[in-house]
Amino acid sequence: MRFKSVKGMQDILPEAEPYWRQVTATVQDTARRFGFEQISTPVLESTALFSRGVGEDTDIVSKEMYTFTDRAREGEQGESLTLRPEFTAGVMRAYIEHGMSSLPQPQKLYSVGPLFRREKPQKGRYRQLHQFNAEIIGSADPVADFEILLLSYSIYMELGLKNLRFQINSTGDPDCKPKYVAALKEYLAPYADKLAPTDRDRLQRNPLRVLDSKERETLPYLENAPHIIDYLNDDCRNHFHELLGYLDAAGIAYSINHRLVRGLDYYTKTVFELWGEGLGAQAALCGGGRYDGLVELLGGSPTPGVGFATGLERIIMSMQDAGIQPATLERPDYFIAYHGEAAKREAVKLITTLRMAGVGARVAFGGRSLKAQLKDADRMRCRYVLIIGEDELAGHTVALRDLSKSEQSSLPMDQVVNALKQRGHMAECEKRVD
RNA sequence: GUGCCCUUAGCUCAAUUGGCAGAGCGCCUGACUGUGGCUCAGGAGGUCACGGGUUCGAGACCCGUAGGGCACCCCA
């Protein structure tokens, strides 16, 4: 039988590596410039962490988690574990567990790695996906929100992604949010029968989500729905306007989107998304917001926080769509070919010496003809071939062929290492079409 | 989870009304017994996604399953 990768999970092949290097390096370098430090939490957490932290009623928790029961010791119940579907809950758990609230506040932390959601796969949506995540924990200042927005913005600029626009809104806090929810419910009640079935359901369970609806039947009734920002209390309103002021001053384009509420339970005040082109229905490149109640909800002391996450696969697709070429990766410039058994032993000896000296090189495998070895060197885009045959063995030399110029010279064997060290021995491969 | 479309060599795709499974690219070898790219010749590579059905005969028609794509739901 032939094995296949698990549904919705894909291999990242060497040909895609330049994109991944570029994106992960850019994301991390930018975060470090902003003063963020990396935290890596386990892929597996207690199921309860997510059901509590993300919200029992969210789609992620209610139907998209990879959950299983761990092996139990005899007579005991195995623990329920879940492959993380998002970063924030795990990072907050670590923040609390390691007493990071007694470190200088706020803590600015970022993470990169795989996440798992059991959704129906399609373009830009995978069951194993990769995200970059950044959090500022321990500050309620709108400057923290601004830094998060600016970090995501800077990352896309750095990568060459343009024409992106923030969608931004405020969802209030536990004081003013309920008042808005009541007003929204009251407004929608007369139309309840005319809403799409899923929205009728939402109106009962989580009225805010109706705003997010794309259902054709529902849309007309959302036109004149009340806006949450008209219901914000002073604290939330000031926070929102201060943040917008920073964005204006920085010249970052945004649209206030009264219908943006986002799916996760823990958001308070700021919520935002950023949309890219060419991703079909999976347009969201990044999303995030403020979650002032989350640390407390997970058992820590009341601590404000704000963060965002961005999907690396979607970034890469946007880059490919925009025709952005990643930087090429280095590869060894030297290839050692040989002719004859004695020469093969000498070749292995030489490549060992070269590598010990830090010179990048590859050596031919198999008893192939010299012709085939040269062909390999060419296809592997090595520029130089060191050739050892009977003649060279006899004269204690090595032939050095420059494939780009079809020129060949001879070097004394004992000078090879020094000569190569001086020339530089790693090259960026030529542009490739992916 | 729901709906529609797709699946033939490593890749991109052909195969007429149901009648011998093919091409290009890539890979290997040789022409050139120690010298790459270009050219030419030859070769390897197939459970026609899987399972069942119809038929003298199925890659093609029918049913089911899996995987992929698109949309919905939701999100990165």
Side-chain angles (χ1 to χ4, degrees), chain A residues 1-10 13 15 23 27 54 57-64 85-88 112-133 152 196-199 201-202 206 209 212-216 218 260-264 271 273-276 279-288 308-318 335 337-340 343 364 366 368-394 399-408:
Chain A
M1 100 168 254
R2 243 177 117 157
F3 289 106
K4 285 163 61 173
S5 67
V6 173
K7 176 174 179 151
M9 306 200 178
Q10 47 179 220
L13 302 177
E15 61 187 30
V23 170
V27 129
V54 180
D57 284 338
T58 60
D59 283 5
I60 289 181
V61 171
S62 62
K63 54 188 195 194
E64 295 174 0
E86 59 114 51
F87 276 114
T88 303
V112 197
L115 263 34
F116 302 85
R117 294 183 194 172
R118 202 182 175 293
E119 297 184 89
K120 178 143 185 176
Q122 64 192 72
K123 192 184 188 74
R125 159 178 294 173
Y126 307 106
R127 289 183 168 189
Q128 175 173 338
L129 59 126
H130 295 79
Q131 284 189 357
F132 167 80
N133 180 267
S152 61
T198 47
D199 290 324
D201 201 44
R202 283 170 172 170
N206 194 346
R209 303 300 301 283
D212 217 10
S213 177
K214 282 130 199 153
E215 301 281 350
R216 206 170 282 280
T218 304
L260 180 66
V261 291
R262 296 188 50 76
L264 309 180
V271 289
E273 287 184 2
L274 198 145
W275 297 57
L279 292 171
Q282 277 63 54
L285 260 187
C286 99
F308 88 102
T310 186
L312 305 190
E313 283 86 356
R314 288 187 187 178
I315 289 181
I316 289 172
M317 277 187 233
S318 296
F335 187 98
Y338 46 82
H339 186 256
R368 310 185 65 196
S369 68
L370 194 57
K371 174 192 179 67
Q373 295 179 52
L374 271 270
K375 192 169 183 164
D376 281 346
D378 190 50
R379 279 186 301 194
M380 285 158 189
R381 280 175 274 193
C382 294
R383 180 168 173 189
Y384 301 99
V385 184
L386 294 160
I387 303 166
I388 305 176
E390 283 86 0
D391 298 348
E392 287 76 15
L393 279 180
L400 174 64
R401 183 173 182 81
D402 181 340
L403 293 184
S404 67
K405 294 185 184 148
S406 297
E407 287 170 4
Q408 194 162 322

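Please read all numbers here as calculations on a predicted model, not as lab measurements.
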Evaluate Leu393(A) against Glu390(A) for side chain to side chain contact (heavy atoms under 4.5 Å, CB included), listing each step before the verdict. CA-CA 5 Å; Leu393(A) 279 180; Glu390(A) 283 86 0; 5.6 Å; no
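- The base of G36(B) does not come close enough to the side chain of Arg379(A) for any donor and acceptor atom to sit less than 3.5 Å apart.
- Set against A71(B), G34(B), A76(B), the side chain of Ala284(A) has A76(B) as its closest nucleotide.
- As judged by a 4.0 angstrom heavy-atom cut-off over every strand, Phe132(A) is placed among residues making no nucleic acid contact.
- Checking G36(B), G69(B), C75(B) against every side-chain atom of Pro121(A), the shortest atom distance belongs to G69(B).
- To the nearest 0.5 angstrom, Tyr338(A) atom OH is 13.5 Å from Leu386(A) atom CG.
- Close to G1(B), at under 4.0 Å from its OP1 or OP2, lies a side-chain N or O of Arg118(A).
- Among the nucleotides G37(B), G34(B), A76(B), the one closest to any side-chain atom of His339(A) is G34(B).
- At the heavy-atom level, Ile387(A) lies under 4.0 Å from base atoms of the strands shown.
- Summarising the base pairing, C28(B) is matched to G42(B) through a Watson-Crick or G-U wobble pair whose two defining distances lie under 3.5 Å.
- Comparing Asp378(A) and Arg117(A), the nucleotide of RNA chain B nearest to each residue sits closer to the 5' end for Asp378(A).
- Taking atom CG of residue Leu370(A) and atom C1' of nucleotide G36(B), one finds them 10 Å apart after rounding to whole Å.
- OP1 or OP2 of A71(B) has at least one side-chain nitrogen or oxygen of Gln122(A) nearer than 4.0 Å.
- Computed from coordinates, the Leu312(A) CG to C75(B) C1' distance equals 15 Å when rounded to whole Å.
- Atom NZ of Lys4(A) and atom P of G10(B) are 13 Å apart (whole Å).
- Among the protein residues, Arg383(A) comes within range of no part of the nucleic acid, since none of its heavy atoms lies under 4.0 Å from any strand.
- Below the 3.5 angstrom threshold, one finds no donor paired with an acceptor across the side chain of Glu273(A) and the base of A76(B).
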Pair Val271(A)-Val261(A), side chain to side chain contact (heavy atoms under 4.5 Å, CB included): steps then yes or no: CA-CA 7 Å; Val271(A) 289; Val261(A) 291; over 6 Å; no
Chi angles and distances behind the side chain to side chain contact (heavy atoms under 4.5 Å, CB included) call for Thr310(A), Gln131(A): CA-CA 5 Å; Thr310(A) 186; Gln131(A) 284 189 357; over 6 Å; no
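- In this structure, G67(B) forms a base pair with C6(B), meeting either the Watson-Crick or the G-U wobble geometry with both donor-acceptor distances under 3.5 Å.
- Across all strands shown, U16(B) has no partner, as no Watson-Crick or G-U wobble contact with both distances under 3.5 Å is found.
- Partner assigned to G34(B) is none, using Watson-Crick or G-U wobble distances below 3.5 angstrom.
- Comparing the same atom, C1', in G1(B) and in C20(B) gives a spacing of 46 Å after rounding to whole Å.
- Of the nucleotides present, none pairs with A58(B) by Watson-Crick or G-U wobble criteria with both distances under 3.5 Å.
- The gap from the C1' atom of C13(B) to that of A21(B) amounts to 14 Å, rounded to the nearest Å.
- Each of G34(B), G3(B), C28(B) was ranked by its minimum atom distance to the side chain of Lys120(A); first place goes to G3(B).
- Between the side chain of Glu86(A) and the main chain of Leu115(A), no donor-acceptor pair closer than 3.5 Å is present.
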Show, in sequence, the C-alpha distance, side-chain angles and deciding distance for Tyr126(A) and Met9(A), and conclude whether the side chain to side chain contact (heavy atoms under 4.5 Å, CB included) test is met. CA-CA 6 Å; Tyr126(A) 307 106; Met9(A) 306 200 178; over 6 Å; no
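- Taking atom CG on Asp59(A) and atom C1' on U2(B), their separation rounds to 14 Å, with Å as the unit.
- Within the 4.0 angstrom heavy-atom criterion, base atoms lie near Gln408(A).
- Taking all atoms of both residues into account, the shortest heavy-atom contact from Cys382(A) to Leu403(A) is O-CD1, 3.4 Å.
- Residue Gln128(A) is classed as having no contact, given no heavy-atom separation below 4.0 Å to the nucleic acid.
- In this structure, Lys371(A) reaches the G36(B) phosphate: one of its side-chain N or O atoms is under 4.0 Å from OP1 or OP2.
- Ranking C75(B), C28(B), U35(B) by closeness to the Arg314(A) side chain, first place goes to C75(B).
- A distance of 9.5 Å separates NE2 of His130(A) from CD1 of Ile316(A), quoted to the nearest 0.5 Å.
- Nucleic acid contact class of Lys375(A) (heavy atoms, under 4.0 Å, all strands): sugar-phosphate only.
- Distance, Asp402(A) CG to U35(B) P: 18 Å, rounded to whole Å.
- For C70(B), the base has no donor-acceptor partner in the side chain of Arg125(A) [N/O atoms by modelled type, under 3.5 angstrom].
- Using atom C1' as the reference point in both A23(B) and A15(B), the two lie 10 Å apart (nearest Å).
- Residue-level contact check: Gln373(A) touches neither bases nor backbone, having no heavy atom under 4.0 Å from any strand.
- Side-chain atoms of Ser406(A) come within donor-acceptor range of the base of G37(B), with a qualifying N/O pair under 3.5 Å.
- When Watson-Crick and G-U wobble pairs are counted only if both distances are under 3.5 Å, C48(B) pairs with no nucleotide at all.
- Between C70(B) and G64(B), the two C1' atoms lie 23 Å apart (nearest whole Å).
- Here the P atom of nucleotide G10(B) and the CD atom of Glu15(A) are 16 Å apart, to the nearest Å.
- Looking at the side chain of Glu392(A), the nearest of the listed nucleotides C28(B), G36(B), G34(B) is G34(B).
- Contact annotation: Lys7(A) reaches the phosphate of G67(B) (side-chain N/O to OP1 or OP2, under 4.0 Å).
- When the P atom is used for both G51(B) and C5(B), the distance is 24 Å, rounded to whole Å.
- Place Ser404(A) and Thr310(A) on RNA chain B by their nearest nucleotides, and Ser404(A) ends up nearer the 5' end.
- Taking the C1' atoms as reference points, G10(B) lies 30 Å from G18(B), given to the whole Å.
- Heavy atoms of Gly288(A) sit nowhere under 4.0 angstrom from any nucleic acid atom.
- Comparing the C1' positions of A58(B) and C72(B) gives an interatomic distance of 36 Å, to the nearest angstrom.
- Here the side chain of Arg314(A) pairs a donor or acceptor atom with the backbone of Ala284(A) at under 3.5 angstrom.
- Nucleotides U7(B) and G59(B) are separated by 11 Å at their C1' atoms, to the nearest Å.
- Each of C28(B), G34(B), U35(B) was ranked by its minimum atom distance to the side chain of Ser369(A); first place goes to G34(B).
- C75(B) atom P lies 18 Å from atom CZ of Phe308(A), rounded to whole Å.
- Nucleotide G67(B) holds its C1' atom 14 Å from the OH atom of Tyr126(A), rounded to whole Å.
- Here Glu119(A) lies in heavy-atom contact (under 4.0 Å) with a base.
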